[in-house]
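Okay, structure first, notes after.
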Amino acid sequence: MMSDEYIENIIGNIDDDFLYEADKYMQKKNSFVGRLLNGGKKIAACFFIAAIALFASLYMATAAGIVPAYDILYSMYPDLAVKLISVNKSCVSNGIKMSVEGVHISGENAYIYVSIQDVVQDRIDRTTDLFDSYSINIPVGSISGCSMINYDDDSKTAYFLVEIQQDKKIEGRIMTFSVREILSKKYEVTKRIEQITLDDVEEKTQMTNLQLGIDITGRSGEDPAYYVRGYLIPDEEQSFVTVEGVTITAYGFIDGNLHIQAHYEDTSNTDNHGFIDLVDGDGTIIHPIKDVSFWDEEKTGQYDEYIFCLPEGTDYSEYYVQGYFCTCKPSIKGNWKVKFPIMNQE
Amino acid sequence: MLEDELIIKLLFERNESAIEELSKKYGKLCKYLSYNILKNEEDAKECVNDTFHAVWKTIPPQKPEQLKTYVCKIARNISLKRYRTNTAKKRNGYYDMVLDEVAECFESSNTIEDNIMAEELAEKVNEFLRGLKVKDRVIFVQRYWYCCTIEEISDKMGMSVNYVTVKLYRIRTKLKKYLRQEGYL
């Protein structure tokens, strides 16, 4: 087995340029524009409120198919919309039409306004995202963000704004924007898992209930390094589906710690994920001390085992299990590629 | 905040305000990096102070092109030394867990340490990283060099925790395959 010092030496010699790139990438992602275009996690409250109001009014207009793509963008980003150069080029793959509505290039930044429409079925909705599979054909490194601007129920069209920043001025006359996968029909829920009655959970400390050689893909929780002797073997008698795509596969006490195991189906194609907490009698949420992810036998889905360490003598009848789950249908694969002329407006 | 060139100029002039400027500009980042390894506020603070002291001692004659990366590397090395002293070979800390994760990329039936210098293997790792997409490379470096948690990476990158854990697993698998193909494992 390799010594820690040897491995530290390898990792410690990662190229300075990559360290700089990683840091710079994070700085740009943390910028206001980065936050704005990054799924809206940290949108400023005032913008968020304004966006809700605009979205509500837009919804009525787009429901009638009145408001064209440009006007949708103008209502949200007027400064950008007036600079947009119309492209109106599209392609169809797997029954889904992708249109590049417009583009604005300025210096090292590119803003690409895209619409996605299902022309044969009903697969696109408000939860659609491009699953990080979009790219443009530039030879140098870049960072990017993508955010849904609007969704039109009538035409089943989702509008996205993609922002790309590269390290130097964007040059050239042609740009190709491509997408490989689309995720849609997402379902999110936070729910009490009634089937697990905590004061009735059995002891599973014996080795016959444990598995040790699992293929761990990740660890998290309040103390990811917390030592555990082993993990639960899925138990058919305990298994139940909590939401489509997520199965609780085992639960029990190991060495005084409560383990709850869930299986997320087909994680590579669906991004199914979630987490499990305990809630006490006062409504306080208790997070697992450790959450370990590992592959299932086929390496298509993942198990997550949530480990809770509560004081000895805890009255578990006061607690219940709560899960947050985000699931969706398998990704829609295709080969969407649009080539269009560009001009740097800086 | 001063530009890096001016801070380096102050260091060359042996002007002690350089330390204050370093602290203002990079103190928070160094503390973040150190804390990721040590998980202890006081130790992290001490390591940050030691870092600026080390920068003062080494510039000049060093004149780094990227001051930020230079300072971060010193902070990381000092924190690792402190970590080893603290844990005194007792494994099971957060940093050891991160190291274990990446160690699987270099697992081999051979004792390759005897035959290959770490620097040579590091160069191969850099070659591998060069071939990755930017996002994948950033995730790898954030996890194994900056020692960020999966949650921090997923939050900063706007990705789910699940996506980040699977992505890291795939990158490690690819790296192991690459090293095997190059004859290093």
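Each chain gets a letter, A, B and so on, in the order its sequence line appears, and its residues count up from 1.
A:T190 places a side-chain heavy atom less than 4.5 Å from the side chain of A:Q322. No side-chain heavy atom of A:F294 sits less than 4.5 Å from a side-chain heavy atom of A:D304. The closest side-chain heavy-atom distance from B:K9 to B:E13 is below 4.5 Å. Residues B:K167 and B:K135 have side chains not in contact (no heavy-atom distance under 4.5 Å, counting atoms from C-beta outward).
Interface remark: B:L29 contributes side-chain atoms only to the contact with chain A (heavy atom separation under 4.5 Å). For chain B, the nearby part of A:N272 is the backbone; its heavy atoms alone come within less than 4.5 Å.
Per-residue heavy-atom pair counts under 4.5 Å with chain A were compared for B:R76, B:K73, B:R172, and the maximum is reached by B:K73. Of all the listed residues (A:L19, A:D15, A:I14, A:I11), the one sharing the greatest number of non-hydrogen pairs under 4.5 Å with chain B is A:L19. Annotation: maximal heavy-atom pairing with chain A below 4.5 Å, among B:L129, B:T149, B:I153, occurs at B:L129. Contact tally against chain A (heavy-atom pairs below 4.5 Å) for B:K124, B:E104, B:R170: the top residue is B:R170. Here B:W145 is the residue among B:Y144, B:F140, B:Y146, B:W145 with the most heavy-atom pairs under 4.5 Å with chain A.
Geometrically, B:K68 does not engage A:Y20 in a cation-pi contact defined by less than 6.0 Å to the ring centre and at most 45° from the axis.
Not counting sequence neighbours, the partners of B:R143 by the salt bridge (Lys or Arg N to Asp or Glu O under 4.0 Å) test are B:E101.
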